[in-house]
Amino acid sequence: MENKAYIGLGGNIGDPRSAMARALRLLNTVKGVAVRRVSSIYRTPPWGKTDQPDFLNAAAELETTLTPRELLDLCLETELALKRIRAERWGPRIIDIDILKFGEEAIVEKGLEIPHPRMLDRAFVLLPLAEIAPQLDLSGDTAHNRAMNADKSGIEKLAVELDWWLQ
Ligand code: GSY
C-alpha cells in the first residue's frame with residue numbers, strides 16, 4: 001500500500017545543499033520510494049547546541065510502499081552513504097534525515113517515533129514542511145498554523161533551489 005511520508009533534511013558541515021540533494025536522489029532510486037515534493041532551502045540558526053554553524057534545512061514528501069521501519073533504515077543508510085558520522089548528539093553534521101510523518105501512523109518504538117516528537121516546537125522543521133503540505137495535520141492543527149505560530153527568528157528562506165534531480 002502506498003503511504004505518504006514527510007521527511008526533514010538538514011546539515012551544517014561541508015556542503016549541506018549538495019548533501020540534501022544527493023540524499024533525495026538516492027532515496028528516489030529505491031524501489032518503493034518516490035520523491036513527490038521538495039521545499040525551498042532555509043538557513044536556520046542552530047537549535048539546542050548553539051555554538052555551531054547555521055544549518056540548511058528542507059523537507060520532502062515521499063510516496064512509499066515501505067514500512068515505517070524500512071523507511072527509517074533507508075534514511076540511516078542514506079546518511080551513512082553520505083559519510084555521516086554520529087558523534088555528538090546535538091552537534092554539527094553533514095546530513096540528518098528524519099521521518100516527520102508517515103500516513104496517519106502513530107508509532108513509539110525503540111529508535112522510531114512517528115510523528116517526530118520534537119517537530120512541533122522547531123521552526124526549522126515546520127517552515128519547510130508547511131511550504132509543501134500546509135494542510136497536513138500535526139497533532140490537531142495544520143502545519144501552516146503551527147509554522148505561523150513558531151518562533152522564526154533568524155530563519156531565512158534562500159533564493160536557490162534544492163536541485164535534487166540534477167546529476
Ligand atoms: O534535528 C536535526 C539536527 N539539528 C538541527 C537542524 O537540522 N537545524 C537547526 N537549525 N538546528 C538543529 N539542531 C540539530 S541537533
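Source: prediction; values computed, not measured. Along the sequence shown, the residues carry numbers beginning at 1.
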Q.
Hydrophobic clusters here meaning ILVMFWY residues chained together by side-chain heavy-atom distances under 4.5 Å, can you tell me if Met148 and Leu129 are in one?
A. no
Q: Spell out, as yes or no, whether a donor-acceptor pair under 3.5 Å connects the side chain of Lys157 to the backbone of Leu127.
A: no
**Q.** Side-chain donor or acceptor of Arg146 paired with backbone N/O of Leu138 under 3.5 Å
**A.** yes
Q) Are the side chain of Asn57 and the backbone N or O of Leu9 linked by a donor-acceptor pair below 3.5 Å? A) yes
Q. When you measure from the side chain of Lys152 to the backbone N and O of Ala147, does any donor-acceptor pair fall under 3.5 Å?
A. yes
**Q.** Linked, directly or transitively: Leu158 and Val38 (ILVMFWY side chains, under 4.5 Å)
**A.** yes
Q: For Ile114 and Ile99, work out which heavy atoms get closest and say how close.
A: CD1-CG2, 3.7 Å
Q | Main-chain N/O of Ser40 paired to Glu131 side chain as donor or acceptor, under 3.5 Å | A | yes
Q) Do Phe102 and Val108 sit in the same hydrophobic cluster, where Ile, Leu, Val, Met, Phe, Trp and Tyr count as joined when their side-chain heavy atoms come under 4.5 Å apart? A) no
Q) Minimum heavy-atom separation for Ile94 to Ala19, with atom names? A) O-CB, 3.9 Å
Q) CG/Asn149 to CG/Leu120 distance, rounded to the nearest 0.5 angstrom? A) 11.5 Å
Q. After noting the C-alpha distance and the side-chain angles of Val125 and His116, does the key distance pass the side chain to side chain contact (heavy atoms under 4.5 Å, CB included) rule?
A. CA-CA 10 Å; Val125 177; His116 192 285; over 6 Å; no
(Q) side chain to side chain contact (heavy atoms under 4.5 Å, CB included), that's the test. Do Glu2 and Thr64 meet it? Break it down for me. (A) CA-CA 5 Å; Glu2 291 268 332; Thr64 185; over 6 Å; no
Q: Can you see which heavy atom on Arg118 is nearest to which on Asp121, and at what distance?
A: O-OD1, 2.7 Å
Q) Just by modelled atom types, is the Ala150 backbone N or O under 3.5 Å from a matching donor or acceptor in the Arg122 side chain? A) no
Q.
Are Ile155 and Pro45 packed together at the side-chain level, in the sense that at least one heavy-atom pair is separated by less than 4.5 angstrom?
A. yes
Q) Under 3.5 Å, is there a donor-acceptor pair between the side chain of Arg25 and the main chain of Trp164? A) yes
Q: Output the distance between atom CG (Leu136) and atom OG1 (Thr142), rounded to the nearest 0.5 Å.
A: 9.0 Å
Q) What distance separates Leu112 CG from Lys110 NZ, expressed to the nearest 0.5 Å? A) 12.0 Å
(Q) Checking the side chain of Thr78 only, and the main-chain atoms of Leu74 only, is there a donor and an acceptor separated by less than 3.5 Å? (A) yes
Q: Under the side chain to side chain contact (heavy atoms under 4.5 Å, CB included) rule, what do Asp96 and Glu79 come out as? Steps first, then yes or no, please.
A: CA-CA 7 Å; Asp96 199 60; Glu79 288 179 354; 3.9 Å; yes
Table please: side-chain donor-acceptor pairs of residues 26-35 below 3.5 Å, with sequence neighbours left out.
{"unit_1": "Asn28", "atom_1": "OD1", "unit_2": "Val35", "atom_2": "N", "d": "2.9"}
{"unit_1": "Thr29", "atom_1": "OG1", "unit_2": "Leu26", "atom_2": "O", "d": "2.6"}

Q | Residue Glu109 excluded, over 12 heavy atoms near CD under 6.0 Å | A | yes
**Q.** Enclosure of Arg37 CZ (heavy-atom neighbours >12, cutoff 6.0 Å)
**A.** no
Q: Starting from the C-alpha separation in whole Å, work towards a yes-or-no answer on salt bridge (Lys or Arg N to Asp or Glu O under 4.0 Å) for Glu156 and Arg43.
A: CA-CA 5 Å; Glu156 182 195 354; Arg43 184 187 305 287; 3.7 Å; yes
